[in-house]
J.: 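What follows is a structure written as structure tokens; I'll ask about it next.
Counting convention: from 1, in listed order, for ligands and their atoms alike.
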Amino acid sequence: MAKTSDKSPPLELTTPVQFVKGCGGPRAEQLGRLGVHTVRDLLFFFPRGYQDLTDLRDIDQLEEGPLLSVLGTVEEVELRDSGGGRSVLGVLLRQGAGFLRALWFNQPFLREKYRRGQLLLVSGKARRRGIRWEMVHPHVQVVDVEDDATAAPTVVTPSQLLPIYPLTEGLAMRHVRQLVRRVLDDCADQLEEVFPQSFLEQKQLWPISAALRQLHFPDDQASLEHARRRFVYQELLVLQLALALKRRQMHDALRATPLELTAKIDARIRRLFPFDLTAGQNQAVAEIAADMGRPQPMNRLLQGDVGSGKTIVAVYAMLLAVAHQTQVVLMAPTEVLARQHAETLDRLLAGSHTRLGLLTGGQSTRVRQDLLARIASGEIQIVVGTQAVVASDVPFARLGLVVIDEQHKFGVRQRAALKNSAVHPHYLVMTATPIPRTVTMTLFGDLDVTTLSDSPPGRQNTHTYLPPAEERGRWWEFFRKKLREGRQGYVVAPLVADGGGETETLGETVPADEDELANEETSPVATASLEAAYESLANGELEAFRLGLIHGRMTPGEKHAVMSAFRQGDIQVLVATSVVEVGVDVPNATLMTIESAERFGLAQLHQLRGRVSRGSFPGYCCLFANAANEAAVERLQAFVNSTDGFRLAELDFSLRGPGNLLGTRQHGLPPLRIADLVRDAATVEEARLDARRLVELDPQLTQPEHALLRRMALVRYGKSLDLADVG
Ligand code: ADP
Ligand code: MG
């Protein structure tokens with residue numbers, strides 16, 4: 001038992017929590033489980049919410065609607081079993097002659113927390129039930145403290161916001177509040193200010209200790225906002241500084257071969273193209289060529305809506321590099337896509353002498369060795385492959401340009417850095433899907449950005465439908481009619497994983513590794529659901545047509561065979577998982593049916609719809625959804641009403657968060673403790689501008705007043721951004 005007494009040494013920021021008064025026994029261990037080990041950790045243990053006691057009411061003054069708090073004594077605690085594993089816990093509070101029942105559904109373990117006679121402060125939305133008031137799942141504070149004589153009684157004063165901390169078993173809210181209050185009183189003044197004084201004034205940020213006090217125990221809502229703003233800004237500035245340092249490092253420290261664009265090269269490249277570039281594509285090409293002409297490596301992100309024609313812009317850059325006798329590598333996230341790119345390039349380059357090599361996972365050692373030798377000798381000028389296959393050991397003779405297609409992860413670009421020499425290649429990165437501005441600034445904050453804002457001419461809009469189930473027949477009738485006219489189509493269904501209810505939505509559009517979503521699709525049960533869909537179509541609605549099936553459990557070779565047959569029209573309808581979502585380009589396919597659409601995110605649906613608006617025929621996209629899920633239907637309605645990928649991405653992001661937008665596993669966004677890319681969008685922009693300005697003035701942040709900011713940027717992001725040599 002660690003016991004503190006008056007003789008104990010004064011607390012410092014690095015002191016382990018067990019030496020904080022009141023933190024003896026199991027307390028320190030419990031805090032440790034929450035990642036709180038030192039006094040500093042405790043100071044920065046941010047509340048996850050606040051209990052608003054501002055509106056403390058008597059029971060006879062309650063009303064429906066606003067958040068209110070009520071102080072009352074426990075009269076009765078009743079746990080009712082409603083069958084099927086369900087339960088209702090009711091705690092009846094009395095205040096004078098008034099009663100309020102607090103209710104919890106399916107949390108029987110809470111029963112242990114409450115006893116007759118306890119004084120409780122409950123906050124939530126009240127609703128009237130007959131003569132009685134109810135609150136469902138309110139926040140509760142046990143005001144009564146008779147069981148813990150050492151603890152100071154919590155004084156409840158109205159007009160107060162109480163912090164709500166994450167808890168763990170055995171640790172009560174009031175304990176954490178007391179401990180935080182104690183270290184705030186004793187140690188907050190020891191914290192070093194991160195920002196220079198002038199900065200605090202100019203940005204109207206509260207000094208660190210004042211802000212920290214108000215963040216934990218705000219005087220009122222306005223103070224809380226002010227305090228929060230300081231830490232949100234700090235967190236985002238540190239991140240943006242790291243990104244700005246990275247950008248600076250790539251610009252200044254590295255040398256690249258300048259690959260200048262001449263009129264002659266330009267004409268030679270354009271001659272190979274089957275169509276004229278759009279104004280947007282020309283603008284993008286100009287920006288990219290300007291970058292590539294410099295002796296520092298280009299680091300540019302090319303983004304544009306699905307189908308906006310990014311590939312041809314990248315091909316232009318590739319041919320510019322080839323014209324200078326340097327080699328190019330094009331990396332795609334999946335093998336389906338890598339092969340598609342190789343075929344596109346093959347077709348375009350049929351009339352030129354450019355030599356192309358495709359590296360895939362399935363190749364034999366002999367074939368691979370042969371390809372590597374021809375790359376090493378410089379004979380092969382363009383290498384296409386998946387990131388995993390190309391990444392490490394390809395011995396380029398003279399690498400000039402790296403193109404990464406459909407990328408949206410943070411900090412992985414440099415890992416694709418390939419064999420380094422003193423001279424670095426230029427980098428062009430393309431995003432997989434439109435992503436919200438704040439996400440771009442975070443994931444790709446170290447890159448320069450080009451946005452394609454138009455789309456190829458003659459592009460027809462895609463018609464999107466969300467019909468009720470009873471109109472399925474009509475859709476299939478239409479589907480068949482279009483097939484007979486010569487068009488092709490997709491039917492996409494989510495995988496239904498083991499156990500029936502749960503579903504893999506393949507939220508991850510770009511898999512972490514090369515096996516193309518195989519991880520998500522390894523369950524035979526899941527694949528069975530897709531195979532069943534295929535069977536029922538093949539024997540039903542689409543009986544008369546040639547169907548193909550594609551999913552992640554097939555080998556790359558099998559997938560390739562199916563994709564080729566589809567591309568050539570031998571297969572008319574492709575029944576698929578969302579493995580087809582990214583990048584697949586078959587302009588004659590204009591029909592898209594999405595089953596159980598409510599299981600997909602908006603960004604993902606937009607990707608899928610993007611498969612059928614790529615040629616001169618109009619596309620048709622039909623969503624079938626479970627109408628019982630109202631929120632989902634509303635979301636889908638928004639999708640029907642908009643074809644703007646960037647807008648849908650914003651919406652998806654605000655509704656479902658980064659995990660669903662970018663893929664649950666490794667979405668790549670850095671963990672943020674207090675900032676929120678949706679809520680704090682304006683601050684993201686502000687921090688980015690400020691960070692770039694700061695790094696312009698003080699490129700390595702070596703001035704003493706920037707030392708702390710620099711250290712924080714390095715500690716938090718040095719590793720993931722490979723900032724080592726800045727330190
Ligand atoms: P994404 O930006 O989604 O990667 P792609 O590069 O695959 O889109 O292009 C989509 C389709 O548009 C392709 O079939 C491509 O050949 C075609 N395309 C691109 N640019 C033009 C253009 N300027 N004129 C006509 N068709 C174009
Ligand atoms: Mg593409």
J.: Can you tell me how the ring of Y620 sits relative to the ring of Y465, calling it parallel under 30°, perpendicular over 60° and tilted otherwise?
T.: parallel

J.: Taking atom types as modelled, is there a side-chain donor on D305 or H606 under 3.5 Å from an acceptor on the other?
T.: yes

J.: Side chains of S453 and T451: is there a donor and an acceptor less than 3.5 Å apart?
T.: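 No.
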
J.: G307 to ligand 1: N or O pair under 3.5 Å?
T.: yes

J.: Quick one: look at Q281 and ligand 1, take heavy-atom pairs under 4.0 Å, and tell me if it's side chain, backbone, both or neither.
T.: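 The part of Q281 near ligand 1 is the side chain, not the backbone.
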
J.: What's the separation between atom NZ in K559 and atom OG in S564, rounded to the nearest 0.5 Å?
T.: 13.5 Å

J.: Fit a plane to each ring of W475 and F479, take the angle between them on a 0 to 90° scale, and name the class: parallel (under 30°), tilted (30 to 60°) or perpendicular (over 60°).
T.: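 Answer is perpendicular, since the angle exceeds 60°.
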
J.: In terms of residue, atom name and distance, what is the protein heavy atom nearest to atom 8 (O) of ligand 1?
T.: R614 NH2, 3.2 Å

J.: Can you pull out the closest protein heavy atom to atom 11 (C) of ligand 1? Residue, atom name and distance to 0.1 Å, please.
T.: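 Checked against all protein heavy atoms, atom 11 (C) of ligand 1 sits closest to R459 NH2, 3.6 Å.
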
J.: Just heavy atoms, cut-off under 4.0 Å: does L452 contact ligand 1 by side chain, backbone, both, or neither?
T.: neither

J.: Within the structure provided, determine whether T440 and L301 are in side-chain contact (heavy-atom separation under 4.5 Å).
T.: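 Yes - at least one pair of side-chain heavy atoms lies under 4.5 Å apart.
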
J.: What protein heavy atom is closest to atom 6 (O) of ligand 1, reported as residue, atom name and distance in Å?
T.: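 Minimum-distance protein heavy atom for atom 6 (O) of ligand 1 reads T311 OG1, 2.6 Å.
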
J.: May I ask you to identify, for D585, whether its side chain, its backbone, both or neither come under 4.0 Å of ligand 1 on a heavy-atom basis?
T.: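 D585 to ligand 1: side-chain contact only, backbone stays beyond 4.0 Å.
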
J.: Which of the numbered atoms in ligand 1 are under 4.0 angstrom from any heavy atom belonging to P457?
T.: 24 (N)

J.: Going by the atom numbers of ligand 1, which of them fall below 4.0 Å from some non-hydrogen atom of D276?
T.: 22 (C), 23 (N), 24 (N)

J.: Which atoms from ligand 1 have a heavy atom of T278 less than 4.0 Å away?
T.: 23 (N)

J.: Distance alone, cut at 3.5 Å: any donor-acceptor contact between the side chains of N588 and R487?
T.: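 Per modelled atom types, N588 and R487 side chains form a pair under 3.5 Å.
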
J.: Any N/O of I312 closer than 3.5 Å to an N/O of ligand 1?
T.: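 Such a contact does not occur with ligand 1.
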
J.: Please check if any side-chain donor atom of Q303 sits under 3.5 Å from a side-chain acceptor atom of T431, or the reverse.
T.: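 No - no donor-acceptor pair under 3.5 Å links their side chains.
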
J.: Count the heavy atoms belonging to other residues, nucleotides or ligands that lie under 6.0 Å from CZ of R546, then report whether that count exceeds 12.
T.: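 Correct, the count exceeds 12.
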
J.: Would you mind checking which non-hydrogen protein atom is closest to atom 21 (C) of ligand 1, with the distance to 0.1 Å?
T.: F275 CE1, 3.3 Å

J.: Within the 4.0 Å heavy-atom shell around V306, which atoms of ligand 1 are there?
T.: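 Near V306, meaning under 4.0 Å from one of its heavy atoms, ligand 1 has 3 (O).
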
J.: Which residue owns the protein heavy atom closest to atom 9 (O) of ligand 1, what's the atom, and how far is it?
T.: G309 CA, 3.5 Å

